[in-house]
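Small disclaimer: the values here were computed from a predicted structure and weren't measured. Throughout, a chain's letter reflects where its sequence line sits, starting with A, and its residues are numbered from 1.
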Protein chains: 2
Amino acid sequence: MSQHRPTGPNGRPGGVPALPDLPEATVARLPEYLRALHHIAETGNDTISSEGLAAAAGVNSAKLRKDLSHLGSYGTRGVGYDVALLIDQIEFTLGLDQRRAVALVGVGNLGHALAGYAGFASRGFRIAALFDADQARVGEPINGLDVRHISELAEVAAAESIAIGVIATPAAAAQDVADALVAAGVTSILNFAPCVLSVPEGVDVRKVDLAIELQILSFHEHRKSALTSLPGGLAEEAVGT
Amino acid sequence: MSQHRPTGPNGRPGGVPALPDLPEATVARLPEYLRALHHIAETGNDTISSEGLAAAAGVNSAKLRKDLSHLGSYGTRGVGYDVALLIDQIEFTLGLDQRRAVALVGVGNLGHALAGYAGFASRGFRIAALFDADQARVGEPINGLDVRHISELAEVAAAESIAIGVIATPAAAAQDVADALVAAGVTSILNFAPCVLSVPEGVDVRKVDLAIELQILSFHEHRKSALTSLPGGLAEEAVGT
DNA sequence: AGGCGCTTGTGAACTCGTGCACAAATCGCG
DNA sequence: CGCGATTTGTGCACGAGTTCACAAGCGCCT
Ligand SMILES: NC(=O)c1ccc[n+]([C@@H]2O[C@H](COP(=O)([O-])OP(=O)(O)OC[C@H]3O[C@@H](n4cnc5c(N)ncnc54)[C@H](O)[C@@H]3O)[C@@H](O)[C@H]2O)c1
Ligand SMILES: NC(=O)c1ccc[n+]([C@@H]2O[C@H](COP(=O)([O-])OP(=O)(O)OC[C@H]3O[C@@H](n4cnc5c(N)ncnc54)[C@H](O)[C@@H]3O)[C@@H](O)[C@H]2O)c1
């Protein structure tokens, strides 16, 4: 699946991987398209129109077409997109043609839930190791993996070619953990701790902060309840993410 | 700017809630500023410059000043911002002056972690009720709250004035749960299930999808590893969130 | 073979967000 | 009391992202 472009009318030339330099906003939506496409594939459809896929992914169809056009021309006018082909293309673009190994650091409340999460495996990732600083947790088996001590991180990361790390420790420990991850060769970090991480250039960080999401919702609640006292009962749908 | 309230130097004008119609991007950053400010307040500082706060929140100082200017003029030139005052202003803007009640639906793997999460309470929210469809879970006490059956949702939501709902059920159940939440008067939903929700106008939905975050990181990994084969070893810091 | 309806791919206008750069404001000090 | 050091607030230009609208392309039906 990774590599089926024989230099067709739009296929990329010879051995060049062709990095189309996608807009960041497009990259952020590709996973949504991918999820929708898998869902559509399961229902037996083998082609889908931009309108249909856009609806399934919850976006505007023009935006979807423009996004997909950045990957190349994989649709057929008058027909739509070939579902299987498009899945392959998006997976290739996202680098999901190889199953990526992930290290999870901090096996507490949240870490346990993440470690047991099936959606990891089904969407292209493999939890390759669990780490914690608490000796009481080291050795505990979770979902077929034993928790290891954080001091083993560098060794294990190298052995398992881990390039992605997930931080689920308290905020106070997060920067230290990030430093350790970077030192171990990790170049992408997903941070659940509510704090800002500083990392060297070349390392990507994304964060997930539950409280921020709730506070954004709170803002809109605040706004809505203020609006109800005014005449024009305006309202908007789905807040941007 | 939109609305320079004439009353007091900082106090809000009499009665009028003053909705300055903040840019969505600004709203999304206010919680980060708030977190940084609380952190700064704990260290004993009572004023902070835009430069300092920007660094603590991980943003550009010009952006921070522009964001804050939308709330009104709460800084002092030559000095900086009064930390306590700014905290109050941001909390007011986000509607955190009242502690908002949240319903959590789906007390499984992830739901348990969320229910036990202290960051909820410390950042302006109160988990008012836990719901599940599984009778085996109903009655289970978690963190001082008993899990209730989903059929009680409407009743409890009304009694506790719940306007925000969190969905932590499997994706297959998420739309049904969303419908039930909306029917119970909830107007803001935070969705952890990997699926698109359709809700009536006036209801806000935000989603958190772990796999999407990882896939975005994967894309950048893919890109980075492709770049290493080329001469110009470009790299970028912190991927946008 | 040719025309017709459908759908993609994209140019162009527009909106939104960012960041520079600087004037205006404030404080502290001599 | 005025001056210089400092920091805010913002006008402006630029870039990113979104949406419209439509020509180009494709398959099907006659
Ligand atoms: N629980 C949630 O639902 C939730 C939701 C959103 C965000 N978070 C955030 O996720 C993080 C974890 O939350 P939690 O509820 O799981 O906390 P927790 O205290 O239950 O777990 C933290 C774990 O990290 C380990 N740890 C501490 N320091 C470490 C270090 N230096 N190296 C390795 N491991 C270390 C601890 O031993 C513990 O097992 C926190 O930052 C929290 O704010 C949690
Ligand atoms: N576990 C994770 O770390 C994680 C991470 C990201 C996303 N998610 C997503 O969060 C959701 C929950 O994950 P989980 O691991 O906790 O799953 P889970 O199966 O452990 O828990 C789901 C819970 O929802 C309950 N439920 C099912 N249908 C319901 C209904 N109609 N009304 C009320 N409750 C209902 C079930 O009884 C169960 O207790 C899933 O959509 C998953 O994809 C989980």
Exercise for the section: Would you mind reading off the distance between A:D67 atom CG and D:dG17 atom C1', rounded to a whole angstrom? Expected result: 10 Å
Handout entry: A:S188 (side chain) donor-acceptor with A:I164 (main chain) under 3.5 angstrom
Key = no
Problem - Donor-acceptor contact below 3.5 Å, side chain A:Q175 vs main chain A:S198 - result: yes
Handout entry: Phosphate OP1/OP2 of D:dT7: any B:S50 side-chain N/O under 4.0 Å
Key = no
Handout entry: Toward the 5' end of DNA chain D, by each residue's nearest nucleotide, A:T26 or A:G78
Key = A:T26
Practice task
Could you tell me whether B:A62 contacts a base, only the sugar-phosphate backbone, or nothing, with contacts defined as non-hydrogen atoms closer than 4.0 Å?
Solution key: base
Practice task
Could you tell me the separation between the CG atom of B:L68 and the P atom of D:dT8, rounded to a whole number of Å?
Solution key: 9 Å
Exercise for the section: Report yes or no: is there a donor-acceptor pair, N or O only, under 3.5 Å between the side chain of A:K66 and the base of D:dT19? Expected result: yes
Exercise for the section: Using only side-chain N and O atoms of B:K63, determine if any of them is under 4.0 Å from OP1 or OP2 of C:dT18. Expected result: yes
Practice task
Tell me whether the OP1 or OP2 atom of C:dT7 has a side-chain N or O from A:Y74 closer than 4.0 Å.
Solution key: no
Practice task
For A:N60 and C:dT10, give me the distance from atom CG to atom P, rounded to whole Å.
Solution key: 17 Å
Practice task
Would you mind telling me which residue lines up with the more 5' stretch of DNA chain D, A:A25 or A:V79, judged by nearest nucleotide?
Solution key: A:A25
Problem - A:R99 (side chain) donor-acceptor with A:F125 (main chain) under 3.5 angstrom - result: yes
Handout entry: From CA spacing to verdict: side-chain contact (heavy atoms from CB on, under 4.5 Å), A:I90, A:L96
Key = CA-CA 8 Å; A:I90 295 179; A:L96 300 175; over 6 Å; no
Problem - Between C:dT15 (P) and B:D21 (CG): distance, integer Å - result: 15 Å
Problem - Side-chain-base donor-acceptor pair under 3.5 Å for B:R77 and C:dT26 - result: no
Handout entry: Pair B:T26, B:D67: side-chain N/O donor-acceptor within cut-off below 3.5 Å
Key = yes
Handout entry: Nucleotide D:dT7, atom C1' - distance to CG of B:L64 in whole Å
Key = 12 Å
Exercise for the section: Ignoring backbone atoms, establish whether B:S73 has a side-chain N or O less than 4.0 Å from OP1 or OP2 of D:dG9. Expected result: yes
Fill in the blank from the handout: Rounded to whole Å, OH of A:Y81 lies from C1' of D:dG25 at a distance of 13 Å
Handout entry: Euclidean distance, atom CD of residue A:E24 to atom P of D:dG17 [Å, nearest integer]
Key = 8 Å
Practice task
Round to the nearest Å and state the distance from A:L53 atom CG to C:dT7 atom C1'.
Solution key: 13 Å
Handout entry: Residue whose nearest DNA chain C nucleotide is more 5′ - B:R29 or B:R65
Key = B:R29
